[in-house]
Each structure stands twice: as structure tokens, then as C-alpha cells.
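Written out below as C-alpha cells is the structure these notes cover.
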Amino acid sequence: MSFVDACELAELTDLPLGVEVGDAELAIVKVGEEIFAITDECSHGKVPLSEGDVVDCSIECYLHGSAFDLRTGAALNLPATEPVPVYPTRVVDGMVQVDLDNPIDPAALA
């Protein structure tokens, strides 16, 4: 795995944080003590997910209301039908790091 810095842990609040990591646009989300990294674009409307709401362990696109599971990236309701890539995260010395080379395989979580 090749983790890279995404943001400082102290930057995270109850709201998603949109960040650019290399060529990737990500939404970093803290839910309780868990931290998630999901591609910052709704698979339905090409809208930044970082501008949406977080409910439990999902993030909702503000434009059309599609929600995505933060653990798997699966679309939870219409109009989105395609998943959104999610990536492993870790915290090292106060920095949230993301492994862009190894997106999480939803089938492995089933």
C-alpha cells in the first residue's frame, strides 16, 4: 500500500471535507472515530459529495438526494445506480492518509 497525506486530522469536523490528493478529488469524512475517503463526485449527477450531508455511515448528494455507503461506495438509493470509489485511510502523526492505489473492493466486504 502506498498511503499519501490527504489532510490534518484536526481539520475534520462533522461536515465532509473536500480535498485534492494528487489527481484525485476526495471527500474525507469523520463518523465517530472512523475516517472515510470517498471520490468527491456523485456517480449520477457529477456533483461534489463533499457538499452533501452525512447521515450515519452514508453521504448524500445535495442535488438529487442519492446516498452512498461510506464503507463500500455503494449507491443506496436512486437516482444513482453506480457505486463511487472509496479508499483505505489511516492516521499517522495527526495526518489523515489515503491509499489511492488500492480502492476498497466492495465484494471483499460482503
Side-chain angles (χ1 to χ4, degrees):
M1 292 189 179
S2 52
F3 284 89
V4 293
D5 291 346
C7 66
E8 292 183 23
L9 180 60
E11 292 179 76
L12 298 180
T13 65
D14 293 338
L15 302 173
L17 176 66
V19 298
E20 217 174 290
V21 181
D23 293 334
E25 302 263 344
L26 303 175
I28 308 295
V29 181
K30 184 176 180 191
V31 177
E33 296 303 312
E34 293 183 273
I35 299 172
F36 301 96
I38 188 166
T39 297
D40 194 14
E41 185 176 84
C42 175
S43 61
H44 166 259
K46 309 298 184 213
V47 174
L49 292 175
S50 60
E51 296 179 19
D53 293 324
V54 174
V55 178
D56 297 323
C57 203
S58 67
I59 190 166
E60 182 180 69
C61 175
Y62 76 88
L63 190 59
H64 296 114
S66 292
F68 299 89
D69 186 303
L70 288 168
R71 289 187 176 97
T72 66
L76 300 175
N77 62 312
L78 298 173
T81 58
E82 294 297 315
V84 176
V86 294
Y87 302 92
T89 63
R90 69 181 184 190
V91 177
V92 175
D93 296 328
M95 291 297 298
V96 175
Q97 297 182 334
V98 178
D99 184 359
L100 296 174
D101 294 331
N102 295 290
I104 294 171
D105 178 6
L109 301 175

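Side-chain atoms are counted along with the backbone in the values below, which use heavy atoms only and exclude waters and symmetry mates.
Listed by chain and number, the residues in a side-chain contact (heavy atoms from CB on, under 4.5 Å) with Asp53 are Glu60 (sequence neighbours excluded). When the side-chain contact (heavy atoms from CB on, under 4.5 Å) test is applied to Val86, the partners found at least two apart in sequence or on another chain are Ile38, Ile104. Ser50 meets the side chain to side chain donor-acceptor pair (under 3.5 Å) test with Asp40; sequence neighbours excluded. In this view, Glu82 satisfies the side chain to side chain donor-acceptor pair (under 3.5 Å) rule with no residue, not counting sequence neighbours. Taking Val91 as the reference, Leu9, Ile35, Val96 meet the side-chain contact (heavy atoms from CB on, under 4.5 Å) condition, with sequence neighbours excluded. Listed by chain and residue number, Tyr87 satisfy the side-chain contact (heavy atoms from CB on, under 4.5 Å) test with Pro103 (two or more places apart in sequence, or in another chain). Residues forming a side chain to side chain donor-acceptor pair (under 3.5 Å) with Gln97 (at least two apart in sequence, or on another chain): Asp5, Arg90.
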Inset, instruction - Start with the C-alpha distance between Asp56 and Val31, add both sets of side-chain angles, then the distance that settles side chain to side chain contact (heavy atoms under 4.5 Å, CB included), and finish with yes or no. - result: CA-CA 7 Å; Asp56 297 323; Val31 177; over 6 Å; no

Legend entry - Full working for side chain to side chain contact (heavy atoms under 4.5 Å, CB included) between Val29 and Ile59: CA-CA 9 Å; Val29 181; Ile59 190 166; 4.1 Å; yes

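The backbone N or O of Ala67 lies less than 3.5 Å from a partner atom in the side chain of Asn77, making a donor-acceptor pair. With Thr39 contributing its side chain and Pro85 its backbone, the two residues share a donor-acceptor pair below 3.5 Å. Looking only at distances, a side-chain donor or acceptor of Asp99 sits under 3.5 Å from a matching main-chain atom of Asp101.
Atoms CG and SG, on Leu12 and Cys7 in that order, are 4.5 Å from each other to the nearest 0.5 Å. Here Asp93 contributes atom CG and Glu8 contributes atom CD; the two are 11.5 Å apart, rounded to the nearest 0.5 Å. Note that the OG atom of Ser58 and the CZ atom of Arg71 stand 10.5 Å from one another [nearest 0.5 Å].
Counting only residues at least two apart or on different chains, the ring-ring contact (aromatic ring centres under 6.0 Å, His included) pairs with a member in residues 40-77 are His44-His64. Among residues at least two apart or in separate chains, there is no ring-ring contact (aromatic ring centres under 6.0 Å, His included) pair with a member in residues 17-42. Screening residues 11-26 for side chain to side chain donor-acceptor pair (under 3.5 Å), with sequence neighbours left out, gives no hits.
Hydrophobic cluster membership of Leu76, counting Ile, Leu, Val, Met, Phe, Trp and Tyr whose side-chain heavy atoms lie under 4.5 Å apart directly or via other members: none, as it forms a cluster of its own.
For the pair Ser66 and Ala80, the tightest heavy-atom approach, listed with the atom from each and the gap, is OG-N, 2.9 Å. Among all heavy-atom pairs drawn from Ala37 and Ile28, the shortest one is CB-CD1, 3.8 Å. The two residues Cys61 and Val47 come nearest to each other via the heavy atoms SG-CB, 3.8 Å.
The shortest side-chain heavy-atom distance between Leu26 and Leu17 does not fall under the 4.5 Å cut-off.
Under the 4.5 Å side-chain heavy-atom criterion for ILVMFWY residues, a single connected hydrophobic cluster contains both Val19 and Val4.
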